[in-house]
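Worksheet: one structure, shown below.
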Number of protein chains: 2
Amino acid sequence: MAINSQEGPRYDADALASPEGFGPVRARADKGRAITAAARAVFGRDGYARTSIDAIAAEAGVSTRTIYNHFEGKQQLFSAVLLASATRVAEGFIADVERRLTAANPGGDRRGDLLALGRSLAALRGDFPEHFGMVRQIEAEAPHFPPETIAAWQQAGPLRVLREIARRLEQLADGGLLRVGDPSVAAVHFAALVTADLTTYYGAPAPDDLGGVEAFLHGYATPPRAP
Amino acid sequence: MAINSQEGPRYDADALASPEGFGPVRARADKGRAITAAARAVFGRDGYARTSIDAIAAEAGVSTRTIYNHFEGKQQLFSAVLLASATRVAEGFIADVERRLTAANPGGDRRGDLLALGRSLAALRGDFPEHFGMVRQIEAEAPHFPPETIAAWQQAGPLRVLREIARRLEQLADGGLLRVGDPSVAAVHFAALVTADLTTYYGAPAPDDLGGVEAFLHGYATPPRAP
DNA sequence: TGTAAAGCACAACGTGCATGGCAATCAACT
DNA sequence: AGTTGATTGCCATGCACGTTGTGCTTTACA
């Protein structure tokens, strides 16, 4: 049930980059990586309940028996894959923000910074489709998963992303562009607006311009009053 | 596969209020209503894949055989229940908006109107928990359902709600409170902000004050510039 | 009271799936 | 070559589920 088991040969295969060493250790890590990659793809595509171990094994090019040598079972496999994937996505987001903001910084264009932040957030869904497939699954099936799994995923993924957004918004507020009360609330609103643009309720292709960022920046109010 | 079948004794049981007539017809409609109500509850609680026909039959107090006498199968039952539920929710929303807005109207308080609109939208999730459980399921499993089912649901539910929001926002814009470009885009943003407040990413209790409406109304920008 | 429709319990069939056991195989290291 | 550990194919078990068939029972009305 727990994310990391304590006995047996289990481990977080995705975290092991295994840059050193060949031999069976290398092969073992490769199998583990293949399994997690395949599981991420199939879980994201078909959802937890519809995904069979056989399908994952086929996609990974391993036998089902090998999967059970690496993971305790379907549920633990899903938890491990989700956690690793969320960590990678969150780290990718933070790095992407850093990259885009320093690229836009030279002009000191803080408005461009906000747009860059929105673009980084919007790019996630396109860059990690398998991961967000899994996220949709969790959101639907959260009551049927162990709470530790949910909590661990939130901490590793969305909450970390929101914290980063809040930090950046606070910077922009200090720079004079924004007026934010609670930065974490503002971060939730920002994320909601940006992702709302993407889905277009529902299924239409994502527009490249981020109207939500404009809405966030300008607001719809004609007379600006202080809250 | 289609929403409404053309042969056999099938029908949309929820749409039949059957105020007239007793006898077997009445009993038949009651069974149908019990089935749809139970299906809505169980589907919303456990999701499509985890829900068994046996569970629905038990919740409805009927035999599984009766379910198959009323509906073609699990999938068609889900589609019918989702469509009926979405229609009811959308109609409830529109009626609730009308009620709240006319209640706030006497003072001509347009800002109160916007808040009332937000409250109506926010109240939906609390008033129809089973329905939004089903919605979460569809969002996750949309690729595995027939496209006609998805389209019919969107037309009956979210798109209708969004259209109503856009209409109201346009009124408020004409009244001078808001500056909206495309009302339907503004409606998406409004809905996103209000629902973002509710989930609090994820699972925290809903705050009663709607910060998202404030954000929508005031915006975060210090200097109000024209877009 | 008789009749026809609707509902019921029960069982059965076929399928798919998670999971485990076991012996054979394979690849690397001694 | 022998050892060791990972991997595999194959089989088996057990369960849960969708769906259908079959008589028996209820129910409303003539």
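Values in this document were obtained by computation on a predicted structure and should not be read as measured data. Protein chains get the first letters and strands the later ones, always in sequence-line order, with residue 1 at the start of each.
Of the residues in residues 47-62 of chain B, those lying under 4.0 Å from DNA chain C by heavy-atom distance are B/G61, B/V62.
Qualifying side-chain hydrogen bond (donor to acceptor under 3.5 Å, both in side chains) partners for B/T66, counting only residues two or more places apart in sequence or in other chains: B/S63. Contacts of B/E170 classified as side-chain hydrogen bond (donor to acceptor under 3.5 Å, both in side chains), with partners at least two apart in sequence or in another chain: none. Residues forming a side-chain hydrogen bond (donor to acceptor under 3.5 Å, both in side chains) with A/S184 (at least two apart in sequence, or on another chain): A/D182. Evaluation of the salt bridge (charged side-chain N to carboxylate O under 4.0 Å, His left out) rule for A/D46 yields no partner, not counting sequence neighbours. Here A/E98 pairs with A/R168 under the side-chain hydrogen bond (donor to acceptor under 3.5 Å, both in side chains) rule; sequence neighbours left out.
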Collect all protein-nucleotide pairs involving nucleotides 21-24 of chain C in which both atoms are nitrogen or oxygen and the distance is under 3.5 Å.
{"unit_1": "C/dG21", "atom_1": "N7", "unit_2": "A/R65", "atom_2": "NE", "d": "3.2"}
{"unit_1": "C/dG21", "atom_1": "N7", "unit_2": "A/R65", "atom_2": "NH2", "d": "3.3"}
{"unit_1": "C/dG21", "atom_1": "O6", "unit_2": "A/R65", "atom_2": "NE", "d": "3.1"}

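Note on B/E164 versus B/R167: salt bridge recorded, some NZ/NE/NH1/NH2 to OD/OE distance being below 4.0 Å.
A straight line from OH of B/Y68 to P of C/dC10 spans 19 Å, rounded to a whole angstrom. For the pair B/F78 CZ and D/dG18 C1', the interatomic distance rounds to 17 Å; values are reported in whole Å. Atom-to-atom, CZ of A/F71 to P of C/dT19 comes out at 13 Å; the value is rounded to the nearest Å. Regarding B/L77, its CG atom lies at a distance of 14 Å from the C1' atom of D/dT19, rounded to whole Å. Note: CD1 (A/I67) to C1' (D/dT8) measures 13 Å, nearest angstrom. Residue A/E72 contributes atom CD, which lies 10 Å from atom P of C/dT19 at whole-angstrom precision. The separation between A/K74 atom NZ and D/dC15 atom C1' is 14 Å, rounded to whole Å. Rounded to whole angstrom, the span from the CG atom of A/D46 across to the C1' atom of C/dC17 amounts to 15 Å.
A close approach under 4.0 Å does not occur between any side-chain nitrogen or oxygen of B/H70 and OP1 or OP2 of C/dA6.
Evaluation of the ring-ring contact (aromatic ring centres under 6.0 Å, His included) test over residues 79-103 of chain B, restricted to residues two or more places apart or in two chains, returns none. For residues 48-67 of chain B, the salt bridge (Lys or Arg N to Asp or Glu O under 4.0 Å) pairs, not counting sequence neighbours, are A/E141-B/R50, B/R45-B/E59.
Of the listed nucleotides (C/dC8, D/dT8, C/dA18), C/dC8 has the atom at the smallest distance from the side chain of B/T66.
Under the 3.5 Å distance criterion, with hydrogens and angles disregarded, a donor-acceptor pair is assigned to the side chains of A/R100 and A/S120.
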